[in-house]
Enquirer: 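Sending over a structure as structure tokens; questions will come in a sec.
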Amino acid sequence: ELLFRLVSYSLGDREPQPRIFLPFSDIYYIIYRKEAVKRAGDFGGVMGEGRASGGGWDGRRTVRAAIVGTGNIAGAHVAALRRMGGRAEVVAAVDVDGGRVGAFCSEHGIPRSYEDTEEMLKEEAPDLVHICTPPQSHRELSVLCMEAGAWVLCEKPLCASLEELDAIEATERTTGKFCSSVYQWRFGSGARHLKALISSGELGRPLAGLCQTTWYRDAAYYSVPWR
């Protein structure tokens, strides 16, 4: 439930006019909650098995979350978790760069930092892990975190091939945990407008679709090594 509500929040700097976007978190929750719970139930899973804190929201336990990867987008994930009204706490962050993760934790008031994801999973036993690392590490980290007992919210793209996607899905089934990915633009004004046109029948019966994302990116955007 919390995982799906988190996906509904803006998680980046790619929404230049946030007010044009419907605050769809409650709608997304209503539409998808039953399917999410059913799927998790089919897998035998519940949200993590971490050392949950007491005294959480509405008397229920607080979800312990960790951030893996402390680059540009990670701060937005921390902010989204803290907009959950006490339903989640960020207990740790991980980055291979010790100086960077230390600075990140100091900036965001995160109590513990790690340079190794496996060590963090062993020491913290989080319920939920947000993966904010470069794409080539997403499959490995998603599988690792689910095998350690955590649910996963992974930055886009989730993986690079159907083979990697199959591996993630297989891990969901064997562990009973759940992995979701950030694709917030599915719920932007353009996507909602297109959905309304299709639903109304104004476009007839769609047989094929082509989407062109024509954002401008300057040289500085591509100067990040992993890009």
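All values reported here derive from a predicted model rather than from experimental measurement.
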Enquirer: Indicate yes or no: at least one non-hydrogen side-chain atom of H108 is less than 4.5 angstrom from one of V90.
Expert: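 Not in contact.
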Enquirer: Side chains of V129 and L141: does their closest heavy-atom pair fall under 4.5 Å?
Expert: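 No. Closest side-chain heavy atoms not under 4.5 Å.
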Enquirer: To the nearest 0.5 Å, how far apart are CD in Q136 and SG in C159?
Expert: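 These two atoms lie 13.0 Å from each other.
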Enquirer: Answer yes or no: does atom CG of L203 have more than 12 heavy-atom neighbours from other residues, nucleotides or ligands under 6.0 Å?
Expert: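 Above 12, so yes.
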Enquirer: For a 4.5 angstrom cut-off between non-hydrogen side-chain atoms, does C179 reach L158?
Expert: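 The answer is yes; the side chains approach within 4.5 Å.
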Enquirer: Step by step, work out the side chain to side chain donor-acceptor pair (under 3.5 Å) result for H138 and E164.
Expert: CA-CA 9 Å; H138 287 177; E164 290 190 344; over 6 Å; no
Enquirer: Hydrophobic cluster mates of V96, side-chain heavy atoms under 4.5 angstrom, ILVMFWY only, any path?
Expert: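 None; V96 is a cluster of one.
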Enquirer: Could you tell me whether the side chain of S223 and the main chain of A220 form a donor-acceptor pair under 3.5 Å?
Expert: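 Yes.
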Enquirer: Just by distance, do the side chain of R217 and the backbone of Y222 share a donor-acceptor pair under 3.5 Å?
Expert: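 No, because the side chain of R217 does not come within donor-acceptor range (under 3.5 Å) of the backbone of Y222.
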Enquirer: Is there a side-chain contact between V63 and R87 (heavy atoms, below 4.5 Å)?
Expert: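 In short, these two side chains do not touch, never coming nearer than 4.5 Å.
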Enquirer: Got S180 and W151 here, is their nearest side-chain heavy-atom distance under 4.5 Å?
Expert: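 No, side chains not in contact.
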Enquirer: Would you call E118-K122 a salt bridge at under 4.0 Å N-O?
Expert: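 No, E118 and K122 are not salt-bridged.
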Enquirer: Considering only heavy atoms from C-beta outward, does the side chain of L121 approach that of P126 to under 4.5 Å?
Expert: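 Contact flag for L121/P126 side chains = yes.
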Enquirer: For L128 and L81, what are the C-alpha separation, side-chain angles and deciding distance, and is it a side-chain contact (heavy atoms from CB on, under 4.5 Å)?
Expert: CA-CA 11 Å; L128 174 66; L81 283 161; 4.2 Å; yes
Enquirer: Taking the six-membered ring of Y221 as reference, does the NZ or CZ atom of R227 fall below 6.0 Å from its centre and within a 45° cone about the axis?
Expert: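 So R227 does make the cation-pi contact.
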Enquirer: At what distance, to the nearest 0.5 angstrom, does SG of C132 lie from CZ of F104?
Expert: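 Reported value, rounded in 0.5 Å steps: 7.5 Å.
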Enquirer: Counting N and O atoms only, with roles assigned by atom type, does the side chain of D95 sit under 3.5 Å from a partner on the main chain of T70, one being a donor and the other an acceptor?
Expert: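 Yes, D95 side chain to T70 backbone: donor-acceptor pair under 3.5 Å.
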Enquirer: Side chains of E163 and R139: closer than 4.5 Å at any heavy-atom pair?
Expert: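 They are not in contact (no side-chain heavy atoms under 4.5 Å apart), so the answer is no.
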Enquirer: Does E172 reach the side chain of K177, with side-chain heavy atoms less than 4.5 Å apart?
Expert: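 They are not in contact (no side-chain heavy atoms under 4.5 Å apart), so the answer is no.
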